[in-house]
Amino acid sequence: MALPQRQTDIGPPKFDKFLPPVIKENYGQWKYHEELSGGTMVHVAESGAKIWTVRCASPRLLSTETIREISDLADEFCGGYLRFTTRHNVEFLVSDESRLQPLVDKLTTMKYMIGGIGDRVSNIVHTQGWVHCHSACTDASGLVKAIMDDLADYFTHKVLPNKVRLAVACCVNMCGAVHCSDIAVVAVHRKVPKIDHANVTKMCEIPTTVGSCPTSAIRPNPKDKTITINEEKCMYCGNCFTVCPPIDIHDPEEDGVAIVVGGKVGSLRTDPKFSKLAIPFFYNEPPRWPKVVDAIRNILETYEKHAKKHERVGEWVERIGWERFFSLTGIEFTFQHIDDFTFMRDTMRTSAAFKY
Amino acid sequence: MEQEAIQELIYAYSEKMSGKKKLKEKDIIKKISADAELDKDVVKKALRAMIDVGKLMYSYGGGASSVEIPTEEYLREKGMIK
Amino acid sequence: MSGKYKTPMLDELEKGPFPSFITEMKKATKISTTAEDALGQLEKSYQTKRGYWKHGGIVGVLGYGGGVIGRYSSLPDEFPGVAHYHTVRINQPSGFFYTSAALREICDIWDKYGSGMTNMHGSTGDLVLLGTTTDKLEAIFAEYSSRGWDLGSSGSAMRTPSCCVGPGRCEWACIDTLGLTYHLTQHFQDEMHRPAYPYKFKIKTAGCAVDCVAAIARADLSIIGTWKDDIQVDQAEVKAYADMGMNIQAEIAEMCPTECLKYDGGKITIDNKECTRCMHCIAKMTKALRPGKERGATILVGSKAPIVVGSLLSWVIVPFIKAEEPFEEVTELIENIIEWWDDNAKPRERIGELLEVKGMRPFLEAINVPPQPQQVREPRKDPFFFWTAADLEKK
């Protein structure tokens, strides 16, 4: 069968084709919103018009079968209108209030997980992992599934001091916002990569490979048209592997994940913050990474118990001090927690006032 | 200069650098426009026309893109050769 | 249904309340036999604790240099269905709005040529189709593009711009995030599809400082909606919050970072010139408080993930710029910013990294933005600074 004529550089369809009439009519004229439950809210326009949203978790990896199922639900309850969020949730956009409860009932019967709105845990932003990435040293989707199964109540109804944003990145390239999340998991290597010199010569640009190293651990070896790695300088980031595949950073027995906490992206009350290291390492324990799941629950529950209303994780820790964070959570403080990469001068304490 | 002549220069340079340095579009445009005293946009247009018909192709490695002479596999897949 | 491989470890991930990606992969086996091999290889990864995908290769559609990411199994003999298993990025509509008809159209084409697996959505924003072979790419592109869907981006290019829901469904949106993102996406089509930059360049647009799209953390160029005049206060609604039991003194006044908001037990007063527009009070009292009416955007530059020398958050470059249709002023600024980076960066150097090497002054001069205290958290600490000949002439 002949193919249709291709078009280039047309860009995406314009979004207004996909807006429900109530949004088109009240575009930019929203007045306020109210949370109706952990996963439902209503937005009210200046005109008095309303739109109801039902938010459900998705695993991000969706089959076309499930997308069709979601589409059928949108047809039945929302005039066919829906959207996705930046955190991989599905949002059903209900224009007719009488369809709201029937939709919630049907989604509940079909075991959709409704929630993620307000001062709760929302869906976890995450990366491709072993499912489809060359550089992954853990499986992001599996970790997300295990963590969210455990924290399901915090997604659907339990209220926290403020919203808590989680992320999982399957390597330090961090194709998710791990570096600025309340609690996040990032996969790390712990050993110097193994070099397949013959293939380095064949496949890699030496200057690019040398330039890829943040700690200047890689030096050219012009005689053999390859590179050498200074093992004392290597911090196992794996960027050399990205530009030169024969430098194999993977080591299944020594790869694993770290947990970082206290980051945020919004400017509310305090500036956006980077996440900081809480726990330097857990071994990969597929399929359910029980120690990682327990550690995240411990941090979340400690925050829930001690933070003031409206404090984000990072704001709470800054108020009580990191030394108190470690004592309250019972997390061990190690050499790995002290920055010896680029930020030591900014992160060491320069005051004689601190807690025990 | 005729576009075809510019394209011959581009191809010759790409061939010469093949296996030595991964050329970015900008490297080629800079070199040819300097050597032949041409406007950069003219060279860019000639280069793009080559890419559109598979005389050159975009390549990718380690997160960065470059321009290369197509492999046979690529040309066969695009129906350029049997 | 699935059955080619035994997947005892993956089956564990079908239990529990959160929707299971394994169930999704198993559903895809009804669409394509290759999804069986994807499951088989993933089970092997779970058993051996390592991935089996090779680096991206050279695949794409004629004329484009991005939008398709080559993906090959390192175990093609064991899992032949995923020997070639490429990713196709489809440019999402701004704000991720769809209709059921649009989604079915996407699914129909993908079922014909691919694995039946997707990501809704990738981290940059694209709708991601997971798993197809090189020989199908031109057909996939013809089918999608003829129906109005274009490819997204990859490699050293303008990456697919992305934004929050904005004025589509949010009362805090100070700029038209959806319209601006659509405009920028159209404006940079060539730069998205034909990778000619030193490295990737990401643009994200958030309607306010809550930043639901993580623009400040995840975009080389971050656009954040803001305002300049006074916060709009509805005192009747303030009273309603108090009547509902909100402790306005503790939760709002005492948590205001600049202490510019006062509550006298009845009314809220705001010393607006001391307000930093952080959004805390507005986000907590959405019925009573709203952003001002003189609206625009703050432009920040430079954020990225840790590779190579540590993560960066974006830095304030232009504190306030109008961002209204047809978006001319902001587009010109963005073009100037990118031009400076494109002219000065080494291969694989992000704009944040380049700024650390070159310093802010040459950049600000090149884009014609004056130094302003809003750009810094504090002035420099050490007495080392440059003077140019022109500086010395100013007696």
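Atom set for the values below is all heavy atoms of this structure, side chains included, hydrogens, waters and symmetry mates excluded. Lettering follows sequence order; numbering is per chain, from 1.
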Q: Give every residue pair that meets the ring-ring contact (aromatic ring centres under 6.0 Å, His included) criterion with at least one member in residues 133-153 of chain A, sequence neighbours excluded.
A: A/His134-C/His55
Q: Against chain A, work out which of C/Gly310, C/Gly168, C/Gly131, C/Ala283 has the most heavy-atom pairs shorter than 4.5 Å and name it.
A: C/Gly168
Q: Does A/Arg83 use its side chain to pair, donor to acceptor, with the backbone of C/Gly95 at less than 3.5 Å?
A: yes
Q: Got a donor-acceptor contact below 3.5 angstrom from the A/Trp130 side chain to the C/Trp53 backbone?
A: no
Q: Quick check: does any side chain N or O of C/Tyr64 sit under 3.5 Å from a backbone N or O of A/Asp9, one acting as donor and the other as acceptor?
A: yes
Q: What part of C/Val165 gets closer than 4.5 Å to chain A, counting heavy atoms only: side chain, backbone, both or neither?
A: both
Q: Between C/Arg104 and A/Asp72, is the salt bridge (charged side-chain N to carboxylate O under 4.0 Å, His left out) condition met? List the steps.
A: CA-CA 10 Å; C/Arg104 284 194 197 96; A/Asp72 291 344; 2.8 Å; yes
Q: So, for C/Glu143 and A/Leu3, which heavy atoms are closest and what is the spacing to 0.1 Å?
A: OE2-CD2, 4.1 Å
Q: So, C/Arg348 side chain and A/Ser212 main chain: donor-acceptor pair closer than 3.5 Å or not?
A: no
Q: Keeping the roles fixed (side chain from A/Trp30, backbone from C/Pro167), state whether a donor-acceptor pair exists under 3.5 Å.
A: yes
Q: Under the 3.5 angstrom rule, does the side chain of A/Lys145 hit a backbone N or O of C/Phe18 as a donor-acceptor pair?
A: yes
Q: Would you please test C/Thr87 and A/His132 for side-chain hydrogen bond (donor to acceptor under 3.5 Å, both in side chains) and show each step?
A: CA-CA 9 Å; C/Thr87 296; A/His132 211 229; 3.1 Å; yes
Q: Heavy-atom distance under 4.5 Å to chain A: side chain of C/Ala173, backbone, both or neither?
A: neither
Q: Would the distance check show the side chain of C/Thr118 and the main-chain N or O of A/Leu62 forming a donor-acceptor pair, the cut-off being under 3.5 Å?
A: yes
Q: I'd like to verify something: which residue of C/Gly51, C/Gly116, C/Ala38, C/Pro257 has the highest number of heavy-atom pairs under 4.5 Å with chain A?
A: C/Gly116
Q: Kindly say whether C/Cys212 contributes a backbone atom to a donor-acceptor pair with the side chain of A/Thr86 at under 3.5 angstrom?
A: yes
Q: Could you look at A/Met113 and say if it's the side chain, the backbone, both or neither that has a heavy atom under 4.5 Å from chain C?
A: side chain
Q: Ignoring hydrogens and angles, state whether a donor on the side chain of C/Glu24 or A/Ser63 is under 3.5 Å from an acceptor on the partner side chain.
A: yes
